[in-house]
Amino acid sequence: MTLLELCESLESTGFATAIRESAFLFPAIESMHVIALTFVVGSIWIVDLRLLGLASRSRAVSQLSREILPWTWGGFVLATITGLLLFSSIATRYYENIPFRIKMLLLVMAGLNMLLFHATTYRRVIHWDADTTPPTAARLAGGLSILFWVAIVAFGRWIGFT
């Protein structure tokens with residue numbers, strides 16, 4: 001089964017049809033998706049700005065992360081669920097949509113940036129946790145994260161206009 005055939009199959013399910021044909025469901029799910037995304041991006045930016053040494057400089061990175069990241073993950077779970085529901089309703093159109101594909105690629109890149117940061121630089125956070133200016137690798141990860149998330153939001157908005 002090709003990816004396009006999988007999208008066609010998903011799009012023909014009862015819940016996808018209900019979302020697509022309802023005057024209420026698609027906009028309600030999309031609204032929840034946008035709200036969830038604001039939690040994701042907003043909370044990530046709080047940590048990223050700390051990694052850049054531009055905000056919350058008096059707080060330890062590890063403490064700030066512990067307090068903020070549950071909000072990030074909660075928002076991410078909700079954004080993923082609502083995004084999958086939205087995708088299912090018109091999967092074949094999204095499959096062919098270039099901004100959608102770019103958004104998905106950027107999500108993967110943001111995830112890889114986070115994984116690489118946690119697998120390397122953050123493992124030594126005890127050595128720089130309270131520094132007002134974190135090491136270059138942490139600042140680079142924070143800066144890339146902000147760039148990725150700005151682009152994810154931009155391409156996400158672009159999807160609706162193509």
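- A heavy-atom distance below 4.5 Å is found between the side chains of Ile146 and Leu52.
- Taking the ring pair (Phe, Tyr, Trp, His ring centres under 6.0 Å) definition, one finds that Phe117 meets it with Tyr122, sequence neighbours left out.
- Ser9 is linked by a side-chain contact (heavy atoms from CB on, under 4.5 Å) to nothing, counting only residues two or more places apart in sequence or in another chain.
- Taking CD1 of Ile29 as the reference point, atom CG of Leu84 lies at 11.0 Å (rounded to 0.5 Å).
- For Leu115, the CG atom is densely surrounded, since the number of other residues' heavy atoms within 6.0 Å is greater than 12.
- Applying the salt bridge (Lys or Arg N to Asp or Glu O under 4.0 Å) test to pairs two or more places apart or on separate chains, those with a residue in residues 62-89 are Arg59-Glu67.
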Enumerate donor-acceptor pairs with a distance under 3.5 Å from any side-chain N or O in residues 101-114 to protein atoms, sequence neighbours excluded.
{"unit_1": "Arg101", "atom_1": "NE", "unit_2": "Tyr95", "atom_2": "O", "d": "2.7"}
{"unit_1": "Arg101", "atom_1": "NH2", "unit_2": "Tyr95", "atom_2": "O", "d": "2.9"}
{"unit_1": "Asn113", "atom_1": "ND2", "unit_2": "Ala141", "atom_2": "O", "d": "3.0"}

Show the numbers, then the answer: is there a side chain to side chain contact (heavy atoms under 4.5 Å, CB included) between Thr162 and Ile98? CA-CA 9 Å; Thr162 55; Ile98 299 302; over 6 Å; no
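- Put simply, the side chain of Arg20 reaches to within 4.5 Å of the side chain of Glu11, judged on heavy atoms.
- Listed by first and then second residue, the ring-ring contact (aromatic ring centres under 6.0 Å, His included) pairs involving residues 131-162 are Phe155-Trp158 (not counting sequence neighbours).
- Under the 4.5 Å side-chain heavy-atom criterion for Ile, Leu, Val, Met, Phe, Trp and Tyr, Phe15 and Leu6 are members of distinct hydrophobic clusters.
- The side chain to side chain donor-acceptor pair (under 3.5 Å) contacts involving residues 124-142 comprise Arg57-Thr132, Ser62-Asp129, Thr136-Arg139, where partners must be two or more places apart or lie in separate chains.
- In terms of heavy-atom proximity, Ser145 sits nearest to Asp48 at OG-OD2, 2.5 Å.
- Atom-to-atom distance recorded for Ser88:OG and Ile19:CD1 is 4.0 Å, nearest 0.5 angstrom.
- No continuous path of hydrophobic side-chain contacts links Leu147 to Leu140 [ILVMFWY only; heavy atoms under 4.5 Å].
- The side-chain heavy atoms of Pro134 and Arg50, taken from C-beta on, include a pair separated by under 4.5 Å.
- Residues satisfying the side-chain contact (heavy atoms from CB on, under 4.5 Å) criterion with Ile81, sequence neighbours excluded, are Val77, Leu85.
- Judged as a side chain to side chain donor-acceptor pair (under 3.5 Å), and not counting sequence neighbours, the contacts of Thr82 are His33.
- Clustering of Ile, Leu, Val, Met, Phe, Trp and Tyr by side-chain heavy atoms under 4.5 Å joins Phe39 with Ile35, Trp71.
- Distance check, rounded to the nearest 0.5 Å: CZ of Phe87 to OH of Tyr94 gives 9.0 Å.
- Between Pro135 and Thr121, the shortest heavy-atom distance links the atoms CG-CG2, 4.4 Å.
- Glu96 is linked by a salt bridge (charged side-chain N to carboxylate O under 4.0 Å, His left out) to nothing, counting only residues two or more places apart in sequence or in another chain.
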Evaluate the criterion side chain to side chain contact (heavy atoms under 4.5 Å, CB included) for residue pair Trp45 and Val150; output intermediate values, then yes/no. CA-CA 10 Å; Trp45 272 43; Val150 165; 3.4 Å; yes
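- Side-chain heavy atoms closer than 4.5 Å link hydrophobic residues (I, L, V, M, F, W, Y) into clusters, and following such links, possibly through other members, connects Val153 to Leu144.
- Put simply, CD1 on Ile44 and CD1 on Ile152 are 8.0 Å apart, with the number rounded to the nearest 0.5 Å.
- Pairing each heavy atom of Ser65 with each of Val47, the nearest pair is OG-CG1, 3.9 Å.
- By the side-chain contact (heavy atoms from CB on, under 4.5 Å) test, Phe76 pairs with Val40, Trp73, Thr80, sequence neighbours left out.
- For the atom pair Leu64 CG and Ile46 CD1, the distance stands at 7.0 Å (nearest 0.5 Å).
- Applying the side-chain contact (heavy atoms from CB on, under 4.5 Å) rule to Thr2 yields the partners Leu4, Glu5; only residues at least two apart in sequence or on another chain are considered.
- Contact record, Ala36 with Gly75: CB-O, 3.5 Å, taken as the closest heavy-atom pair.
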